Amino acid sequence: MQHEGQTNSAAIFQVLADDYARRILVAADQGPMTAKALSEACDASLATVYRRCSMLQEHDLLEERTSVGPDGTHRSEFETVLEELHVNLSGGELSLTMETRDELADNFTALWDGLRGDK
């Protein structure tokens with residue numbers, strides 16, 4: 001998945017300017033984490049974590065998954081999907097390109113299929 005253009009760039013820059021959002025991205029990059037675990041890791045209230053997670057999800061930087069806990073209850077876990085972020089300055093304009101883990105997995109699958117002769 002790639003996002004380009006000034007409008008998206010400005011929004012992404014604004015999201016990444018938020019200290020809690022950056023902390024959540026870094027913590028959730030280690031693996032799926034519950035909101036409570038993110039709250040503890042980022043020294044933030046649960047309300048702050050949920051607001052920032054929602055904002056990060058809106059910009060395709062974070063993914064929410066449902067898992068089953070050891071006691072059989074369902075819980076939400078968050079994981080960073082942002083893999084690379086490229087900022088370009090050309091012609092007096094800034095542009096942003098993002099690569100997510102999903103895109104990299106799709107690229108690997110396409111490469112593998114090409115090697116096998118499937119496509």
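This is a predicted model, so every value here is computed, not measured. These values consider heavy atoms only, across backbone and side chains, with no hydrogens, waters or symmetry-generated copies. Sequential numbering from 1 along the given sequence is applied to the chain's residues.
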Evaluate the side-chain proximity of Met55 to Val15: yes if any heavy-atom separation is below 4.5 Å, no if none is.
-> yes

Taking side chain as C-beta onward, heavy atoms only, is Phe78 less than 4.5 Å from Ile24?
-> no

Does the pair Glu64 and Ser76 meet the rule for a side chain to side chain donor-acceptor pair (under 3.5 Å), with working shown?
-> CA-CA 6 Å; Glu64 181 177 5; Ser76 291; 2.7 Å; yes

Can you tell me how far CG of Leu62 sits from SG of Cys53, rounded to the nearest 0.5 angstrom?
-> 5.0 Å

Working to the nearest 0.5 Å, report the span between CD1 of Ile12 and CG of Leu85.
-> 7.5 Å

Given Leu94 and Ser9, is the side chain to side chain contact (heavy atoms under 4.5 Å, CB included) satisfied, shown in steps?
-> CA-CA 8 Å; Leu94 284 174; Ser9 295; 5.7 Å; no

Under 3.5 Å side-chain donor-acceptor pair for [X] and [Y]:
X      : Y     : value
Thr100 : Glu83 : no
His59  : Gln57 : no
Thr73  : Asp71 : yes

May I ask you to decide if Leu25's main-chain N or O and Thr80's side chain share a donor-acceptor pair within less than 3.5 Å?
-> yes

Any donor and acceptor pair, going by atom type alone, linking the side chain of Arg23 with main-chain N or O of Cys42 inside 3.5 Å?
-> yes

Is the closest basic N to carboxylate O distance between Arg22 and Asp18 below 4.0 Å?
-> no

